[in-house]
Number of protein chains: 2
Amino acid sequence: MREGPDIARIASLVGDPARANMLNALMGGTALTASELALEAGVSLPTASSHLGKLMEGGLLTVASQGRHRYYGLAGPQVAGMIEAITGVAEAVGPKRVRPGPRDGAMRVARVCYDHLAGEQAVAMLDRLVAKNVLVRDEQEIRLGPSAASHFAAIGIDVYTKPRRPVCRACLDWSVRRSHLAGTLGAAILDKILAEKWARREKDSRAVIFSPPGKQAFEKVFLS
Amino acid sequence: MREGPDIARIASLVGDPARANMLNALMGGTALTASELALEAGVSLPTASSHLGKLMEGGLLTVASQGRHRYYGLAGPQVAGMIEAITGVAEAVGPKRVRPGPRDGAMRVARVCYDHLAGEQAVAMLDRLVAKNVLVRDEQEIRLGPSAASHFAAIGIDVYTKPRRPVCRACLDWSVRRSHLAGTLGAAILDKILAEKWARREKDSRAVIFSPPGKQAFEKVFLS
DNA sequence: CGCATAGTTCGTTCCCCATCGAAGCATTCT
DNA sequence: AGAATGCTTCGATGGGGAACGAACTATGCG
């Protein structure tokens, strides 16, 4: 009985278990095919297709056709942010998790959040970059500091190729309740971490596992 | 097929139109009775009661019994934040609003967000307070600056009575996409604005309308 | 061209849950 | 005490939508 944006429509899209599983899987950041998402959600292919259609129509997903594959991905950072917010509430009010599970600890330490690193490691990294004045925090926006270009160039990341998306963005962490670095720079750093094989993605999970030498290298570069 | 917090459970609670309307109404910050919420949602009293039970069980609401009235309110700022996040997405992907409506403009300028002021006015206010070093922004947290106590004491707000809730908090604005001030201080300032009659609440809406002299007074105190 | 794989569409079935009326508690007023 | 108000519980009804199998379209491979 009240005007305004149709929040029930969006929430009900997320409110179906199959769709929620799909969205959760897509929070890993990589686009997935319909079959992969069907498997992830535990439903048949036709069912998954129907769900994907609804998510598309609702504007939560984008799709890229490549040959006979269709890669589905989250429509954007705002959608990812909403899902993190819902996850935060579910985490808080949820039935006091019976057993945290082995993955869970790893998820808190480091995980993929859409296209960048999240978790304690990521929060520590942003803190350090701000403390070193490489990045400057101002309001919700994070900006490049004076030494940013040289700092990142030294480790092979070019911050000057300006894309449509903002280079830096703050993203609130549901496990730590503080911000970590998102945006293209955050994405580039995650790429670097994986490319250097400092860490690997846990199979079928968003957890990111650092190898002992990889952790040292990461700390040397970003936390020193 | 994936562990973790049950996001579908939470989202489906918000996903019902009647419940979404109730939550939206409660975003106004004041606790409401079951009958008021039934009216707001456009459903009968038994139906509303059922919905309220589910929202309670889901942990999204708290209730306070006062005589034969039961006052329902949002369970906390985190829940309010989640609803704003969903609202933001709905706003972004939503069916290109047919007519913005008269209320809509007012909502962007100033509105109630749970228990504090949101909208352009609120964003400007926080900016100014940070610029004047009355408040200090550091990470997601906002802290009191050195002159905070005297500054707020001068306008009759005591920042030293420390409650359980944080005094300052940043809350992301869906219309402006920047932060405004939440926490007990944010709540106290809204109280002040209403107590001084600088502005009034639009009936049955979250919009806050400043009177011309009220706006001047507000700007003198918070934007000078 | 024929076969295999990837996805969508269609039609049907079925279950969950939103809804309301009527009845049942609880609290307050007179 | 009796009446009135505020809210919850119960039971019955109905509709929306999630699920799958089968058929259909599209792309790639030999």
Side-chain angles (χ1 to χ4, degrees), chain A residues 1-2 6-26 30-75, chain B residues 1-2 6-26 30-75 90 95:
Chain A
M1 291 302 131
R2 153 179 295 291
D6 192 352
I7 131 175
R9 194 175 109 88
I10 301 300
S12 71
L13 284 175
V14 189
D16 177 82
R19 285 193 292 261
N21 284 331
M22 291 174 170
L23 291 169
N24 231 326
L26 290 174
T30 52
L32 299 172
T33 65
S35 341
E36 289 170 322
L37 288 167
L39 192 65
E40 196 71 40
V43 294
S44 74
L45 226 161
T47 305
S49 184
S50 158
H51 284 308
L52 290 170
K54 283 166 189 169
L55 288 171
M56 284 294 298
E57 196 186 343
L60 300 189
L61 258 45
T62 54
V63 67
S65 290
Q66 254 178 53
R68 60 180 167 182
H69 294 275
R70 309 199 67 187
Y71 286 94
Y72 289 92
L74 293 188
Chain B
M1 289 299 132
R2 148 178 299 287
D6 193 351
I7 130 176
R9 194 175 110 87
I10 302 300
S12 71
L13 284 175
V14 188
D16 177 82
R19 286 193 292 261
N21 283 332
M22 292 176 170
L23 291 169
N24 231 329
L26 291 174
T30 53
L32 299 172
T33 66
S35 341
E36 289 170 321
L37 287 167
L39 192 66
E40 196 71 42
V43 294
S44 74
L45 227 161
T47 305
S49 184
S50 156
H51 284 309
L52 291 170
K54 282 166 189 170
L55 289 171
M56 284 293 300
E57 196 186 343
L60 299 189
L61 257 45
T62 53
V63 68
S65 290
Q66 251 177 55
R68 58 182 168 182
H69 294 275
R70 309 199 67 188
Y71 286 92
Y72 289 91
L74 293 188

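Letters A, B, ... mirror the listed sequences (proteins, then strands); counts begin at 1.
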Please tabulate, one pair per line, each protein N/O and nucleotide N/O from nucleotides 25-30 of chain D that are separated by under 3.5 Å, including the distance.
unit_1	atom_1	unit_2	atom_2	d
D/dT27	O2	A/Arg68	NH1	3.4

4.5 Å side-chain heavy-atom contact, [X] and [Y]:
X       : Y       : answer
B/Leu26 : B/Leu37 : yes
A/Leu32 : A/Tyr71 : no
A/Leu23 : A/Leu61 : yes

Starting at [atom1] of [X] and ending at [atom2] of [N], how long is that distance when rounded to a whole Å?
X       : N      : atom1 : atom2 : value
B/Glu57 : D/dT9  : CD    : P     : 11 Å
A/Arg9  : D/dG17 : CZ    : C1'   : 15 Å
B/Leu45 : C/dA26 : CG    : P     : 18 Å
B/Leu37 : D/dT8  : CG    : P     : 10 Å
A/Leu52 : D/dA18 : CG    : C1'   : 14 Å
B/Leu61 : D/dT8  : CG    : C1'   : 16 Å
B/Arg70 : D/dT9  : CZ    : C1'   : 13 Å
B/His69 : D/dT8  : NE2   : P     : 12 Å

Pair listing, side chain to side chain donor-acceptor pair (under 3.5 Å) test, anchored in residues 59-69 of chain A, at least two apart: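 Found A/Ser65-A/Arg70.
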
Pairs flagged by side chain to side chain donor-acceptor pair (under 3.5 Å) wherever residues 45-56 of chain B is involved - sequence neighbours left out: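 Those involving residues 45-56 of chain B are B/Arg19-B/His51, B/Ser44-B/Thr47.
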
Base versus backbone protein contacts along nucleotides 13-19 of chain C [heavy-atom cut-off under 4.0 Å; B, S, -]: -----SS

Helix axis bend for the helix from C/dC1-D/dG30 to C/dT30-D/dA1 - C1'-based end axes, five pairs, 10° rounding: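 It works out to 20° between the end axes.
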
If you look at every heavy atom in [X] and [Y], which pair is closest and at what distance?
X       : Y       : answer
A/Gly58 : A/Leu13 : CA-CD1, 3.7 Å
A/Ala18 : A/Ala41 : O-CB, 3.5 Å
B/Val14 : B/Ala20 : O-CB, 3.5 Å

OP1 or OP2 of C/dA6 under 4.0 Å from side-chain N/O of A/Tyr72: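 Answer no for this pair, as no side-chain N or O of A/Tyr72 is under 4.0 Å from OP1 or OP2.
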
D/dG6 phosphate, OP1 or OP2, under 4.0 Å from B/Tyr71 side-chain N/O: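 Looking at the OP1 and OP2 atoms of D/dG6, neither is under 4.0 Å from any side-chain N or O of B/Tyr71.
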
Listed partners of B/Ala38 passing side chain to side chain contact (heavy atoms under 4.5 Å, CB included), at least two apart: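 B/Ala48.
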
Separation between CG of A/Asn21 and CG of A/Leu39, rounded to the nearest 0.5 Å: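 Answer for the CG-CG pair, A/Asn21 versus A/Leu39, is 11.0 Å.
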
